[in-house]
Amino acid sequence: MTEAPRVDTAQLMELLSVSLGVYYGDFTVAAASENLTASQGKALTVLRRGPAAMRSLAETMTCDASNMTGIIDRLEKRGLVRREADASDRRVKNVILTAEGERVTDAIRAKMRITQEGLDRLSGQDRDSLYTLLERVFASSPAV
């Protein structure tokens, strides 16, 4: 006989909501300490994975393309990103994180004390398990 799960989907969704709220609050404070909005910080975090076309960046961040342009304009003015024409299609603008943008992104992550302290309480095995589970739930799922 199969045992019923101790935690149902609604409970998991509630805990994810609380967790993401804490993470987002921690991220917002850390970004503000670098004189960035949460959206600007998120853009830098996305670009830390690699260059992205403006349209792709807007889709990833689920925002309007015109809003994304404003965010990138402000980051570019601070020297945190630069735009380059795509080699295969000159109409497409790719956004690239500069060395200063990398430094700021790393500084934001380093200042996320609540998140860091929470993750530091996990054993190596727990970290591996959490990584595997999060990857299985979110990274391998199609984007919504």
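Quick note: numbers below take in every heavy atom, side chains included, and nothing from hydrogens, waters or symmetry partners. Just so it is clear, the model here is predicted, and its values are computed rather than measured.
In this structure, R74 contributes its side chain and G70 its backbone to a donor-acceptor pair below 3.5 Å. In this structure a side-chain-to-backbone donor-acceptor pair under 3.5 Å is missing from T62 to A58. When atom types are taken as modelled, the side chain of S17 and the backbone of M13 share no donor-acceptor pair closer than 3.5 angstrom. Side chain of R55 to backbone of A52: no donor-acceptor contact under 3.5 angstrom is found. Judged by distance alone, with hydrogens and angles left aside, the side-chain atoms of E135 form no donor-acceptor pair with the main-chain N or O of T132 at under 3.5 Å. Distance alone, capped at 3.5 Å, places no donor-acceptor pair between the D86 side chain and the V92 backbone.
Nearest heavy atoms, A85 versus K93: CB-NZ, 3.9 Å. The two residues T98 and G79 come nearest to each other via the heavy atoms OG1-O, 2.6 Å. For A43 against L75, the heavy-atom pair with the smallest separation is CB-CD1, 4.0 Å. Closest of all the heavy-atom pairs between L97 and L80 is CD1-O, 3.5 Å. In this structure, M61 and V46 approach most closely via the heavy-atom pair CG-CG2, 4.3 Å. For N35 against Q40, the heavy-atom pair with the smallest separation is O-OE1, 4.3 Å.
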If you apply the rule side-chain contact (heavy atoms from CB on, under 4.5 Å), what do you find for V104 with I108, and how did you get there?
CA-CA 6 Å; V104 169; I108 291 169; 4.1 Å; yes

Begin from the C-alpha positions of V81 and L47 and carry the test side-chain contact (heavy atoms from CB on, under 4.5 Å) through to its verdict.
CA-CA 9 Å; V81 301; L47 291 169; 3.7 Å; yes

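With salt bridges taken as basic N to acidic carboxylate O contacts below 4.0 Å, none links K111 and D26. Salt-bridge check for R83 with E76: passed, with a basic side-chain N closer than 4.0 Å to an acidic carboxylate O. A salt bridge is defined here as a Lys NZ or Arg NE, NH1 or NH2 lying under 4.0 Å from an Asp or Glu carboxylate O, and R78 with E100 fails to meet this definition. A salt bridge links D120 with R127: the distance from a Lys NZ or Arg NE/NH1/NH2 to an Asp or Glu carboxylate oxygen falls below 4.0 Å.
Two residues are said to be in side-chain contact when any heavy atoms from C-beta on lie closer than 4.5 Å; S56 and T60 meet this criterion. Side-chain contact between M112 and E117 is absent, with no heavy atoms from C-beta onward closer than 4.5 Å. T45 is listed as a side-chain neighbour of F27, based on a closest heavy-atom distance under 4.5 Å.
L134 and V137 fall within the same hydrophobic cluster, defined by Ile, Leu, Val, Met, Phe, Trp and Tyr side-chain heavy atoms under 4.5 Å apart, directly or through other members. Under the 4.5 Å side-chain heavy-atom criterion for ILVMFWY residues, a single connected hydrophobic cluster contains both L44 and Y23. Connection of L16 to L122 is established within a shared hydrophobic cluster, with ILVMFWY side chains joined at heavy-atom distances below 4.5 Å, either directly or through further cluster members. Under a hydrophobic-cluster definition in which Ile, Leu, Val, Met, Phe, Trp and Tyr are linked whenever side-chain heavy atoms come within less than 4.5 Å, directly or via other members, V7 and F138 are assigned to different clusters.
Summarising the geometry, atom OG belonging to S19 is positioned 9.5 Å from atom CD belonging to E14; distances are rounded to the nearest 0.5 Å. The OG1 atom of T105 lies 9.0 Å from the CD atom of E34; values are rounded to the nearest 0.5 Å. Atom CG in D128 sits 8.0 Å away from atom OG in S123 (nearest 0.5 Å). Note that CD1 of I71 is 6.0 Å distant from OG1 of T37, once rounded to the nearest 0.5 Å. Between the NZ atom in K42 and the CG atom in L36 there is a gap of 15.0 Å [rounded to 0.5 Å].
Of the residues listed (V29, V22, L119), the one engaging I114 in a side-chain contact (heavy atoms from CB on, under 4.5 Å) is V22, and it is the only one.
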